[in-house]
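Everything below concerns the one structure shown next.
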Amino acid sequence: MAKDFSTREENYAQWYNDLVIKADLAENSSVRGCMVIKPYGFAIWEKMQAVLDKMFKDTGHSNAYFPLFIPKSFFSREASHVEGFAKEVAIVTHYRLKNDPNGSGVIVDEDAKLEEELIVRPTSETIIWDTYKNWIQSYRDLPVLINQWANVVRWEMRTRLFLRTTEFLWQEGHTAHSTRDEAFAETKTILDLYADFAENWMAMPVVKGIKTASERFAGALDTYAIEALMQDGKALQSGTSHFLGQNFAKAFDVKFLNKENQLEYVWATSWGVSTRLMGALIMAHSDDQGLVLPPKLAPIEVIIVPVFKSDEQLSAITEKVLPVKKELEEKGISVKFDNRETHKPGWKFAEYEFKGVPLRLTIGPRDLENGTVEIARRDTLEKKVIDISSIVTEIPFLLEEIQCSLFEKSLAFRKKHTYNVDTWEEFLDVIENKGGFAYAHWDGTSDTEEKIKEKTKATVRIIPFNNPKEEGRCILSGKPSSERVLFARAY
RNA sequence: CGGGGUAUAGCGCAGCCCGGUUAGCGCGCCUGCUUUGGGAGCAGGAGGUCGUAGGUUCGAAUCCUACUACCCCGACCA
């Protein structure tokens, strides 16, 4: 399969692409910019979904579904929202095709022009707030805590599998609250939830913080985000939570009567993570041998490969393996026994290694004689032979250890590539040569941020929470600053 | 939308400059035998409107023209 696989050193971008394709996660489709998520890739996404979905429900949210299409007029109700998305929406203008009178194929039937054009949702705030208007009259109707799992379309010029595709899958939460404080708290709750998911399930450390004005969601008062550092030294925004204030309530006239019988606008939030998380997960842990998955999100946690020459040997192995498999499954561990005779053991080793399966058990005639099994870790590529009777206690322990170790390794990588810089020269050195996170003073103006971006392609990724106050001078303008912000080149 | 490139078997490529009759190679695929503890070996086999349309020519994958699609680099972005 993947003998011709790029290394990270040779060509990081190529390495990522090869990985996605050869690990059978996704492929480019016939539709420009749109991908096909293959079963193995989708299984990972389904695991992510299941965990996040439970987290949302545990924090009081319910799922619902809103339309794919949004009337064009809705879209223009909130000024900055339109401005932010106008350049990348797909528009439906007609509803019928007809046979081409001049020849082959079908053409758009010009008689079937829509009275009002529809846009394909790039995000659902507008259609949702138009709907909430009818749902909310009283403080008793609040809060509204809804999430939807959906596909959205943003007409990107350049796309990369998972990281940026024209159509992508995500969840978008849209909540309505009676007070500013409550909406604000919701925004924070979700950001913490995302960080929890990233760190404890994806084993990917993230920095939480607030976005600058230029990186803010179109229509939000504040955007909070989690940022992760990828192995090539670039930052990846992995989840966002927006405090929308009363912007959408005002645009869609969503008011409620409070306890004092006064009419007030509703306070709002929205938040989302997308299939981009797949890209983050892939880049966070994988190596030059292929994908490395954290056990908690791996579709297969343990692969069992039998080594046999005869049917008798296979049956003998199967007899040993099945009870162990069952016991592990009873502990909630996903186990696959690959007893196919169409592929050789060596082929299977390479295959599952490339697909990032955390643990592999190999059992052959030698093991049958000795009552042992070979156990191999994907993350460290270590192999050892253990007594078959100790598998059921050993495996949960190892999976946990792998999960922790992946996080620790990523954290150590981030620490190694995080720098405090005080001068423009140091800043350039980090951004252009070393790669990674640069904590630097910034004068707080969009103007300076823009200039830094023009010169270096680096942006303020985030102003971290609980940021220590520290007097300093902006690396570019030299103006006074009271805290360091996180700069990096980003995906 | 600017700048560059590519289009030949499922995938990756050669052939094109210098036109010539049956268009090759590697991987993969199929069949058989031998193999199986790190991507097996041998033998046989299947698979192609050479991106599309037109032109030049006795003859076009090869030369010319137009078109289309895709890829890379820039401006936009979860």
Side-chain angles (χ1 to χ4, degrees), chain A residues 1-5 11 13-14 17-18 21-22 27-33 83-89 103-104 121-123 150-160 162-172 194 211 214-218 220 223 225-228 235-242 270-280 289-290 305-311 313-314 317 339-355 360-370 372-376 381 383 385 453-454 457 459 461 490-491:
Chain A
M1 184 175 171
K3 291 167 197 164
D4 53 340
F5 176 54
N11 187 340
Q14 192 62 45
N17 284 335
D18 286 355
I21 302 291
K22 288 174 183 158
E27 62 189 31
N28 282 307
S29 71
S30 304
V31 185
R32 182 198 175 89
E83 199 186 324
F85 286 105
K87 284 170 286 182
E88 54 182 13
V89 291
S104 60
R121 65 180 165 217
T123 180
N151 57 339
V152 287
V153 167
R154 297 182 186 175
W155 215 262
E156 301 291 350
M157 295 179 192
R158 298 194 59 200
T159 59
R160 291 190 66 191
F162 290 119
L163 297 172
R164 176 166 299 105
T165 47
T166 298
E167 179 191 19
F168 57 94
L169 304 183
W170 76 346
Q171 59 67 215
E172 47 180 326
Y194 285 159
K211 288 283 178 181
S214 66
E215 298 271 328
R216 197 178 286 151
F217 174 74
T223 287
I226 52 172
E227 291 279 336
L236 185 73
Q237 179 174 305
S238 308
T240 49
S241 181
H242 313 291
S270 70
W271 28 273
V273 293
S274 71
T275 36
R276 171 178 261 198
L277 285 181
M278 291 287 295
Q289 277 68 245
V305 178
V307 179
F308 58 95
K309 292 186 183 176
S310 62
D311 287 352
Q313 279 177 340
L314 178 59
I317 291 166
N339 60 356
R340 287 178 297 173
E341 295 176 50
T342 49
H343 296 275
K344 293 177 51 181
W347 190 94
K348 292 175 185 173
F349 295 165
E351 169 81 0
Y352 293 108
E353 196 166 289
F354 204 87
K355 288 190 163 182
R360 183 188 70 233
L361 298 178
T362 308
I363 179 162
R366 226 151 59 200
D367 299 294
L368 286 182
E369 265 179 44
N370 305 331
T372 57
V373 60
E374 183 192 80
I375 187 161
L381 297 169
K383 288 193 279 198
V385 175
K453 187 180 178 182
E454 276 171 29
K457 290 180 188 161
T459 48
R461 296 320 304 154
Y491 272 92

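Chain letters run A, B, ... following the sequence lines, proteins first, then strands; residues in each count from 1. Every heavy atom of this structure was used, including side-chain atoms; hydrogens, water molecules and symmetry mates were not. These numbers come from a predicted model, not from an experiment.
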Self-check item: Side-chain ion pair, R461(A) and E215(A), N-O less than 4.0 Å
Solution: yes
Practice problem: May I ask you to say what T342(A) touches in the nucleic acid, namely base, sugar-phosphate or nothing, with a heavy-atom cut-off under 4.0 Å? | Solution: nothing
Exercise. Could you state the atom-to-atom distance from CD of E454(A) to P of A75(B) in whole Å?
Key: 10 Å
Quiz prompt | d(CD, E156(A); C1', A75(B)) in whole Å | solution = 13 Å
Quiz item: What is the nucleic acid contact for F168(A), judged by heavy atoms within less than 4.0 Å: base, sugar-phosphate only, or nothing?
Solution: base
Practice problem: Specify the separation, in whole Å, of atom NZ of K453(A) and atom C1' of A75(B). | Solution: 10 Å
Quiz prompt | P spacing across the pair C42(B) / A60(B), given as an integer number of angstrom | solution = 40 Å
Exercise. Give the rounded distance in Å between these two atoms: CD1 of I21(A) and P of C71(B).
Key: 12 Å
Quiz item: If we take the P atom in both C72(B) and G54(B), what is their distance in whole Å?
Solution: 32 Å
Practice problem: Using the ring of F349(A) (Phe, Tyr or Trp, six-membered ring only), decide whether R360(A) places NZ or CZ under 6.0 Å from its centre and within 45 degrees of its axis. | Solution: yes
Quiz item: When rounded to the nearest Å, what value does the distance between P atoms of G47(B) and C25(B) take?
Solution: 15 Å
Quiz item: Counting only N and O atoms by type, is there a donor-acceptor contact under 3.5 Å from the side chain of Y194(A) to the main-chain atoms of G272(A)?
Solution: yes
Quiz prompt | Donor-acceptor pair between H242(A) and S270(A) side chains, under 3.5 angstrom | solution = no
Quiz item: Rounding to the closest angstrom, what is the interatomic distance between G3(B) and C11(B) at atom C1'?
Solution: 29 Å
Self-check item: Sidechain-backbone polar pair: T223(A) side chain, F217(A) backbone, donor-acceptor under 3.5 Å
Solution: yes
Quiz prompt | Pairwise 5' ranking along RNA chain B for N17(A) and G84(A), keeping only the more 5' one | solution = N17(A)
Quiz item: Are the side chain of K309(A) and the backbone of L314(A) linked by a donor-acceptor contact shorter than 3.5 Å?
Solution: no
Quiz item: Is a donor on one side and an acceptor on the other found under 3.5 Å between the side chain of N370(A) and the backbone of D367(A)?
Solution: no
Practice problem: Report the distance from atom NZ of K457(A) to atom P of A75(B), rounded to the nearest whole Å. | Solution: 6 Å
Quiz item: If you look at every strand shown and take non-hydrogen atoms under 4.0 Å, does L236(A) touch a base, only sugar-phosphate, or nothing?
Solution: nothing
Quiz prompt | Exam field: side chain Q171(A) to backbone S274(A), donor-acceptor pair closer than 3.5 Å | solution = no
Quiz item: When the C1' atoms of U57(B) and C63(B) are considered, how many whole Å apart are they?
Solution: 10 Å
Practice problem: Give a yes or no answer on whether the side chain of R276(A) reaches the backbone of W170(A) with a donor-acceptor pair at less than 3.5 Å. | Solution: no
Self-check item: Interatomic distance where NZ belongs to K355(A) and C1' belongs to G39(B) [whole Å]
Solution: 14 Å
Practice problem: Take the protein atom CZ of R160(A) and the nucleotide atom C1' of C71(B), then report the distance between them rounded to whole Å. | Solution: 14 Å
Quiz item: At under 4.0 Å between heavy atoms, what does T240(A) touch on the DNA or RNA strands: base, sugar-phosphate, or nothing?
Solution: nothing
Self-check item: Between U52(B) and U68(B) - C1' atom distance, rounded Å
Solution: 7 Å
Quiz prompt | Base-contact (B) and sugar-phosphate-only (S) positions in nucleotides 31-38 of chain B, heavy-atom cut-off under 4.0 Å, - elsewhere | solution = -----BBB
Self-check item: Integer angstrom distance from the P of G2(B) to that of U49(B)
Solution: 34 Å
Quiz item: Closer than 4.0 Å, any side-chain N/O of R32(A) to the OP1 or OP2 of A69(B)?
Solution: no
Quiz item: Under 4.0 Å between a Lys/Arg side-chain N and an Asp/Glu carboxylate O for K211(A) and E227(A)?
Solution: yes
Exercise. Dot-bracket for RNA chain B, please, read 5' to 3', with Watson-Crick or G-U wobble pairs under 3.5 Å on both distances, ( ) within the strand, [ ] crossing, | other strand, . unpaired.
Key: (((((((..((((......[...)))).((((((.....)))))).....(((((..]....))))))))))))....
Exercise. Find the distance W271(A):CH2 to A78(B):P and express it as a whole number of Å.
Key: 19 Å
Quiz item: Taking the side chain from R154(A) and the backbone from P122(A), do they hold a donor-acceptor pair closer than 3.5 Å?
Solution: yes
Exercise. Can you tell me, in whole Å, how much space there is between the P of A7(B) and that of G15(B)?
Key: 10 Å
